[in-house]
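Remarks on the structure that follows.
Quick caveat, the model's predicted, so the values are computed rather than measured. So you know, we letter chains A, B, ... as the sequences are listed, proteins then strands, and number each from 1.
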Amino acid sequence: MKRTHKCNQVTSDLIGQEISVSGWIHRRRDHGGVIFFDLRDDNGLVQVVYNPDSKDTFALAETCRNEYVIFSKGIVQARPEGTVNDNLVTGKVEIVASGLEIVNSSQPIPFQLDEYSSVGEETRLKYRFLDLRRAEMQDNLRLRSKVSTSLRNYLNTQDFVEIETPLLTKATPEGARDYLVPSRTFPGSFFALPQSPQLFKQTLMASGFEKYYQFAKCFRDEDLRADRQPEFTQLDIELSFVESEDVISLITEMIQKVFKETLSVDLGEFPRITYKESIEKYGVDKPDLRNPLKLLEVKNLFKECDFKVFSEPANDEDSRIAAMRVPNGKMLTRKQIDDYTDFVGNYGAKGLAYIRVEDPSKGKEGLQSPIIKFIEDSIIDSLLAVLEVQEGDIIFFGAGKRNIVNDSLAPLRDLIAHDLDLLTCEWAPCWVIDFPMFEKNKSGELTPLHHPFTSPNCSIDELKESPLDAVTDAYDVVLNGTELGGGSVRIHDTKMQNTVLNLLNIDDKEADEKFGFLISALQHGCPPHAGLAIGFDRLIMLMTGSDSIRDVIAFPKTQTASCLLTDAPGQAAQDQLEELHIRFQGLDKEE
RNA sequence: GGACCGGUAGUUCAGUUUGGUUAGAACGCCGCCCUGUCACGGCGGAGGUCGCGAGUUCGAGUCUCGUCCGGUCCGCCA
């Protein structure tokens, strides 16, 4: 038996025709004298009816169970009056079966596939092949495919060339821990799986491919999060003879188009915000602009204040005092505020000061707060004026080291918007631009904010003079508070590249060892170039509304980077290890 | 490396606060009945290493310690 129609194609047009369908028994309803199957294939459901008129077929149908794979044939008929199911595309008709073939039976499945029951993550991952049958996962992966097709179409029409780069390559200086692959032919040497194709794509620019893209698998051996997997996919893009403006407008159009084509969503314009402004107003470099709450720097008001919690950061260069006015914050209970205090504690904040505005016309008398008694009236007055407070507001304060204030208030801003349902729209894209070239790490060394191949917006001398003031043509595209992707104008000049590497304490020898081929490419007529990479999995997470990256990847890893389906990683056989010149020392519990 | 939540029937969970007879429910599964259901219905039944290991106790799903697994987060990662 061979199918003539997919399930969803069985509609009123076919009434009276004999057809055959195939698929899984999604649900069966056995009434003794009549049996119904909801038959499922990859595009829908259709009801097949078995009755004793076809004796053998009926007897066979009685033995069927959920998730059996069958072929069935029969005449399409309109459903009797009163039995139409409006929830199904095919609900007006049914197939009256005259034949049935069981192609494959199924053991009872360990969890139900309907939308009414929930399943734990562990079970889903162990039986991923069943989990992927569920409509939610089918929809997610189908959208993923549509989106990648749409992106490819767009780039292809713009004359981009898709080029693959190696997975077995060399460790790049990008900071994350590498996945290593031992070499059989070079004892003691290792390949590294790429953290990104950054160096290869720049090399391709030197090779004269002026527009390149690739859906690139990337590997980073770091701890996992809800939105991080050890292997993930980037849409990697690079262009020659362009400036940042060209990349930004290209990518804006690309993202607008893919949302339009696949979700019928009009994203509108992508506003731009500088890194500096974003940190000041939102505490992060990937602001969620759906959220109307903002941080206001109020440091200057407290320079002369007697309240040490505020006056100390007010007079410290590395500190800030940020105020966040929450309209209608009176809704928040004491319990919630205590929870928020614990919440910011997770990010290192020592406390969370707040002021409730009960009646702004009464000045200090109209406020309720544990801290106002420590603060001079004149400062309170200026504060209320600057914040333009209104009745019912609550104002939260973060005071202390700049990083801690930002790191704690930014997530608090998201949490409060969530709790009070403050989001103003469904989609809010933006570009964050003008990133600094370097920042200082904890040990006071310079580290690149983006990566060491990003071109600073200044001369070599200016860069050497004050590296921390250097701004770059780097740009991040942000959607709803998620960094979708980022890129930059690259260095194409060897002298500038060497200057940057020297500032990062990477000497010529180390540079040559790690990426001599790129330096060499720069020395042999490399055009100016710029590009970016889109985090493809995160894009799909946003587009599907998934809370976990695992829901947009067919076969993901657990938080400890294992695969519950295949049981990877596994042990290697002794002869494999020997071939690779690896001696396993065993696990030493003492260490 | 650290903090927190969870692990009990095939699945999702209750029971753990305050240790005490035979560990429950729903769905699923099995059997019987049922000719118009669509998350069909009715009756009956089977199904448990309470993650694992020690300890406390007359007695541990319940208390203590350790350990493994899953998840969320910090560190880490762009």
Rounded to whole Å, how long is the line connecting atom CD of A:Glu222 with atom P of B:G75?
13 Å

When the P atoms of B:G15 and B:C77 are considered, how many whole Å apart are they?
41 Å

Compare the minimum distances between each of B:U11, B:G71, B:C73 and the side chain of A:Leu125, then state the nucleotide with the smallest one.
B:G71

When every non-hydrogen atom of A:Ser22 is compared with those of A:Asp41, the smallest separation belongs to O-CB, 3.7 Å

Who pairs with B:U12 - Watson-Crick or G-U, where each distance is under 3.5 Å
B:A25

Thinking salt bridges, do A:Asp551 and A:Arg134 make one under a 4.0 Å N-O criterion?
no

I want to verify a distance call: between B:G1, B:U12, B:A78, whose nearest atom is closest to the A:Asp223 side chain?
B:G1

For nucleotides B:U12 and B:G51, find the distance between their P atoms and express it as a whole number of Å.
14 Å

If you check every side-chain atom of A:Leu564, which of B:U11, B:A39, B:G70 has the closest atom?
B:G70

Grab the two heavy atoms, one from A:Tyr282 and one from A:Ala410, that are nearest each other, plus how far apart they are.
O-CB, 3.4 Å

Strictly below 4.0 Å, N to O, side chains only: are A:Arg538 and A:Glu483 in salt-bridge contact?
no

Using atom P of each nucleotide, how far apart are B:C65 and B:C27 to the nearest Å?
39 Å

Please give, in whole Å, the distance from B:A3 P to A:Asp342 CG?
16 Å

Identify whether any heavy atom of A:Gly348 sits under 4.0 Å from a base atom; if not, whether one sits that close to sugar-phosphate; answer base, sugar-phosphate or nothing.
nothing

Minimum-distance nucleotide (side-chain atoms of A:Ala176 versus B:A78, B:C73, B:G70)
B:A78

Can you tell me, in whole Å, how much space there is between the C1' of B:G28 and that of B:A39?
12 Å

Is the shortest side-chain N to carboxylate O distance from A:Arg40 to A:Glu67 below 4.0 Å?
yes

Nearest to the side chain of A:Arg220, which nucleotide is it out of B:C77, B:G70, B:U12?
B:C77

Among the nucleotides B:U72, B:A78, B:C38, whichever has the atom closest to the side chain of A:Leu449 is B:A78

Sort out the partner of B:G31 for me: Watson-Crick or G-U wobble, both distances under 3.5 Å, none otherwise.
B:C43

Euclidean distance for C1', B:G1 against B:U17 (whole angstrom)
33 Å

Keeping to residues at least two apart or across chains, list the ring-ring contact (aromatic ring centres under 6.0 Å, His included) pairs with something in residues 30-55 of chain A.
A:His31-A:Phe36, A:Phe37-A:Tyr50

Report the base-pairing partner of B:C58 (Watson-Crick or G-U wobble, both distances below 3.5 angstrom), or none.
B:G20

Which heavy atom of A:Leu100 sits nearest to which heavy atom of A:Cys64, and what is that distance?
CD2-SG, 4.0 Å

Between atom CZ in A:Phe37 and atom P in B:C40, what is the gap in whole Å?
13 Å

Please tell me whether A:Ser196 and A:Gln234 have a donor and an acceptor in their side chains that are separated by less than 3.5 angstrom.
no

Whole angstroms only, please: what is the OH-P distance between A:Tyr127 and B:U12?
11 Å

Touch class at under 4.0 angstrom, heavy-atom based, for A:Glu122 against every strand present
sugar-phosphate

How far, in whole Å, is B:G59 from B:U18 if one measures between their C1' atoms?
16 Å

Same-atom distance (P) from B:G48 to B:U11, integer angstrom:
13 Å

Is there aromatic stacking of A:Tyr116 on B:A39 here, judged by a ring-centre distance under 5.5 Å and a plane angle under 30°?
yes

On RNA chain B, compare the nucleotides closest to A:Leu88 and A:Ser562; which residue's is nearer the 5' end?
A:Leu88

Paired with B:A3: which nucleotide, if any, by Watson-Crick or G-U wobble criteria at under 3.5 Å for both distances?
B:U72

To the nearest angstrom, how far is A:Asp551 atom CG from B:G71 atom P?
12 Å

Nearest whole Å is fine: how far is B:U72 P from A:Asp547 CG?
10 Å

Any side-chain N or O of A:Arg550 under 4.0 Å from OP1/OP2 of B:U72?
yes

Would you classify A:Arg225 as touching base, sugar-phosphate or nothing, given that sugar-phosphate means primed atoms plus P, OP1 and OP2, and contacts are heavy atoms under 4.0 Å?
base

Rounded to the Å, how far apart are A:Arg27 CZ and B:C27 P?
14 Å

Please state whether the phosphate of B:A26, meaning OP1 or OP2, lies under 4.0 angstrom from any side-chain nitrogen or oxygen of A:Ser117.
no

Using the P atom on both, measure B:C50 against B:G61 and round to a whole Å.
7 Å

Using the side-chain heavy atoms of A:Arg228, tell me which of these nucleotides is nearest: B:U11, B:C76, B:C38.
B:C76

What closest approach, in Å, do A:Ser278 and A:Lys286 show between heavy atoms, and which atom pair accounts for it?
OG-N, 4.3 Å

Find the distance A:Asp114:CG to B:U12:C1' and express it as a whole number of Å.
12 Å

For nucleotides 28-37 of chain B, read 5' to 3', which letter fits each nucleotide if B means a protein heavy atom sits under 4.0 Å from the base, S means only the sugar-phosphate is that close, and - means neither?
SSSS--BBBB

May I ask you to say whether A:Arg228 pairs ionically with A:Glu222, meaning some side-chain N is under 4.0 Å from a carboxylate O?
no

Taking any strand in view, what nucleotide pairs with B:U37 in a Watson-Crick or G-U wobble way, both distances under 3.5 Å?
none

When all nucleic acid strands are considered with a 4.0 Å heavy-atom cut-off, which category describes A:Arg124: base, sugar-phosphate, or nothing?
nothing

